[in-house]
Amino acid sequence: MSTPDAAASSIEPLGIVARRGQLLPLKTKDEVRAALETYRVYVVEVPAKHANAVKDVIQAALPDLRTSDFGHLRRVVQFKFLPPHLQKTFSPPSRLPRGDEEEEPNVSEDALAEELDAVRFFLVSPTRYIQHADLLLALRQKPPFDIAAAPPRILYATVPALAPTSAEQAARWSIDYWPIAYKNTNPYGPHPSLVTRNTAEIQDEVGHWLALAKATGGQICGLGLGENIGCVVVDKTSSVSKVIAVTGDCRWRSPTGGPMPKEGHGNVMAHAVERAIAMVAKKRLRVARTDPNLLDRQLFCDSPLTDLERHFFAMDNLLPNGYLCVDLDIYITHEPCVMCSMAILHSRFRRCVIGRRMPLTGGLSADVTIKKDNGGIKPGNGLGHGIFWRPSELNWKFLAWDWVDEDNTDAISSIKDTMHV
Amino acid sequence: MKTIKTAAMDADTRAYHERFMRDAIAMAELALKSDETPVGCVFVKDGEIIGRGGNETNRTLNGTRHAEFVAIAGILEKNPMGVLKETDLYVTVEPCVMCASMLRQYGVRAVYFGCWNERFGGTGGVLNIHSDPSVDTPMPVYGGIFREEAIMLLRKFYVQENEKAPEPKQKKTRELKTEIAPTDIHAPKS
Ligand SMILES: [Zn+2]
Ligand SMILES: [Zn+2]
């Protein structure tokens, strides 16, 4: 049985139809920053044969310059490789002594092309390193600019501050800013090949699990106990996927078990993700032959409450000796709130897919929302937390994707955009 | 809103808060006795403690069973949700990102903590979940009450864990624990 078939056989007998759509990897906090930050640089037009000499002059004048900080920017560029807007500002090249002065001066188009071929545009440094006047002075010390007739042209360009995270981005930036080198790495997020491999591994099943998540959310919501939010925890470490936990949101369940009046955000601890994590833990206790109800409390709502929840909770399908939610994947109808995003990180999940973004409350997306003048926020792309991938600050990271439905039928039930999922 | 350091408080005010932090420390000590990361908390309404909690992550195998969750689960069994809006939290270690978000969603009135949590702190240690843009009103936070005592308890826990280390554990768990430091939850770097 192939994996998608296993996924289908988990949900079809339950009358659930898979959603069709596509995975979109979420951008990390650093990737968002990398895509936005720019700075100004000096560019000097130099005769091609003097490019190396000028490089030495700059190195001597700016001993603190770390060229590795802008290793993503091509240092010496031919005119024809400049982006169109810079070609416009930088043309025509000045006539510099090139050792070919004895030749006839020529003004034809061919000659202009030749002129352009003979010059290079040298990226000196970010402008913060040196003042214009001091740079001019430094360049004037050595050939080819040490003769009065040949003053250097100091030009400016705006460049991306950080390295590109994909080949497409590098190509785009090379047209919008400055020629960019792409090294097929991603210092600001998961390596592209890692994302590709993981996307391929799960993509045939995602529609199934998101449909199951929606169904379980719908069941518990139908009882008046929670919002229309659900999640599914899957173990995909072997060739056949296993559903470990299926839970719905339970925030409107009173301590005595019935529905309660909908005031405030309800019982925050009973979000679908928190309940799913608790059910995984209970399964682990059961596998370890310990009382699964150890230290249990009503308000955690971590016992199965619907047919779907009970169906999957009853299966003893976790391997013994596992740790938290290591190696497990979580599929959620909506982007989890900050609390649940961090709960996923604390639990060390491997991968996370969300059926829909929550720009006002979600904790995973790294995109930033627009702030209103009064200090409030209005719908934008997100809160900018990007909790799934902040390895320099948080000690675990996982891959995360958004999901886009193919037929655009909004298969996911909508909830208020101010709701914490 | 920045997290306020309690060193700036006047003596009477500090004494008031220290009284409750003592109770939070007692909960952390209790957690330590149960081989849990020693973090404890109490919730205070109208000058009375209405709930207590200590970490239960190890015994439940659930990485989210932090002291704050445990205490709130107890409180809400006997009180309506709204009670938390008139309640202050005293916790030995800065709430993590997860707990900070939970506390703000419930509308807890204010948070007082002992030492900073440089690994997971959600109220100034790493992120500022108490004051960042949100659909919820910001939550005032005060840090530094009995900071040394809170750190000392965490150190004791590390020593205790290391002493137990030679006894064979599940391979995966042990690997993770050494890779990520003795405890993942509520562990400041200092
Ligand atoms: Zn949540
Ligand atoms: Zn916490």
Side-chain angles (χ1 to χ4, degrees), chain A residues 255 260 263-269 271 273-274 277-278 280-285 288 290 294-300 302 320-327 337-343 345-348 360-361 363 369 371 375-377 383-385 387 390 393-396 417-420, chain B residues 34 53 56-57 59-66 68-70 72-82 84-85 96-107 118-122 125-127 129 132-136 138 169-177 179-181 184-185 187:
Chain A
M260 65 179 177
E263 280 163 32
H265 292 310
N267 183 14
V268 180
M269 296 184 296
H271 287 185
V273 169
E274 299 290 332
I277 290 169
V280 173
K282 282 192 160 186
K283 274 199 177 184
R284 291 224 185 277
L285 288 170
T290 313
L294 179 79
L295 297 169
D296 203 2
R297 291 173 182 82
Q298 266 293 323
L299 267 289
F300 290 144
D302 55 8
N321 298 338
Y323 183 62
L324 300 179
C325 297
V326 169
D327 290 337
C337 72
V338 172
M339 172 188 73
C340 291
S341 298
M342 193 62 192
L345 189 125
H346 275 317
S347 302
R348 311 224 171 108
L360 292 183
T361 57
T369 208
K371 279 176 207 171
I377 46 177
L383 295 176
H385 292 306
I387 284 172
R390 297 183 70 155
E393 295 151 305
L394 305 169
N395 74 349
W396 189 256
D417 61 358
T418 50
M419 183 165 292
H420 291 284
Chain B
S34 323
E56 293 181 355
T57 56
R59 281 170 292 170
T60 58
L61 306 182
N62 182 342
T64 72
R65 285 288 176 264
H66 290 186
E68 297 92 325
F69 274 68
V70 170
I72 287 186
I75 292 168
L76 295 185
E77 265 177 38
K78 292 166 251 138
N79 300 277
M81 305 280 162
L84 292 171
K85 291 189 166 60
C96 72
V97 169
M98 172 183 75
C99 291
S101 173
M102 172 195 66
L103 297 165
R104 193 169 169 188
Q105 287 184 45
Y106 276 121
E118 288 169 39
R119 207 181 297 271
F120 290 124
V126 180
L127 303 186
I129 301 303
D132 273 349
S134 161
V135 295
D136 301 313
K169 270 189 187 171
Q170 305 153 7
K171 193 162 168 276
K172 206 160 216 170
T173 311
R174 195 178 59 222
E175 273 174 6
L176 273 167
K177 287 212 165 164
E179 179 194 328
I180 299 166
D184 44 298
I185 295 121

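Here is the naming used below: chain letters follow the sequence lines, and residue numbers restart at 1 for every chain.
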| Who are the ring-ring contact (aromatic ring centres under 6.0 Å, His included) partners of A/His265, not counting sequence neighbours? | A/His420
| Could you go step by step and tell me if B/Tyr106 and A/Asn267 meet the side-chain contact (heavy atoms from CB on, under 4.5 Å) rule? | CA-CA 8 Å; B/Tyr106 276 121; A/Asn267 183 14; 2.5 Å; yes
| query | Could you go step by step and tell me if A/Ser347 and B/Thr64 meet the side-chain contact (heavy atoms from CB on, under 4.5 Å) rule? | reply | CA-CA 7 Å; A/Ser347 302; B/Thr64 72; 4.0 Å; yes
| Based on non-hydrogen pairs under 4.5 Å, which of B/Gln105, B/Arg104, B/Glu56 is most in contact with chain A? | B/Gln105
| said: Taking side chain as everything from C-beta outward and backbone as N, CA, C, O, which of these in A/Asp302 sits under 4.5 Å from a heavy atom of chain B? Side chain, backbone, both or neither. | reply: side chain
| note | dist A/Leu360:CG -> B/Asp136:CG (nearest 0.5 Å) comes out at 11.0 Å
| field | pair A/His346-B/Cys96: side-chain heavy atoms closer than 4.5 Å | value | yes
| Would you say B/Asp132 and A/His385 make side-chain contact, with heavy atoms under 4.5 Å? | yes
| note | So, the part of A/Glu263 with a heavy atom under 4.5 Å from chain B: the answer is neither
| query | So which part of A/Cys337 gets closer than 4.5 Å to some heavy atom of chain B, the side chain, the backbone, both or neither? | reply | side chain
| task | Identify which part of B/Leu127 has an atom lying under 4.5 Å from any heavy atom of chain A, answering side chain, backbone, both or neither. | result | side chain
| query | Tell me, side chain or backbone of A/Thr361 under 4.5 Å from chain B's heavy atoms, or both, or neither? | reply | side chain
| request: Could you grab the distance from atom CG of A/Leu294 to atom CG of B/Asn62, nearest 0.5 Å is fine? | output: 11.5 Å
| request: Establish, yes or no, whether the cationic atom of A/Arg297 lies under 6.0 Å from the six-membered ring centre of B/Phe69 and within 45° of the ring axis. | output: no
| note | Rounded to the nearest 0.5 angstrom, the NZ-CG distance for A/Lys283 and B/Leu61 is 14.5 Å
| How far does OG of A/Ser341 sit from CE of B/Met98, to the nearest 0.5 angstrom? | 11.5 Å
| query | If we only count heavy atoms from C-beta on, is the A/Leu295 to B/Arg65 side-chain gap below 4.5 Å? | reply | no
| task | Decide yes or no for B/Met102 and A/Met342: does some side-chain heavy atom of the first lie under 4.5 Å from some side-chain heavy atom of the second? | result | no
| message | At a 4.5 Å cut-off on heavy atoms, which part of B/Ile72 comes close to chain A: side chain, backbone, both, or neither? | response | both
| How far apart are the closest heavy atoms of A/Leu383 and B/Pro133, and which atoms are they? | CD2-O, 3.7 Å
| field | Proximity breakdown for B/Met81 and chain A, heavy-atom pairs closer than 4.5 Å | value | side chain
| Contacting moiety of B/Thr60, where chain A heavy atoms sit under 4.5 Å | both
| query | Checking heavy atoms, do the side chain of A/Met419, its backbone, both or neither come under 4.5 Å from chain B? | reply | neither
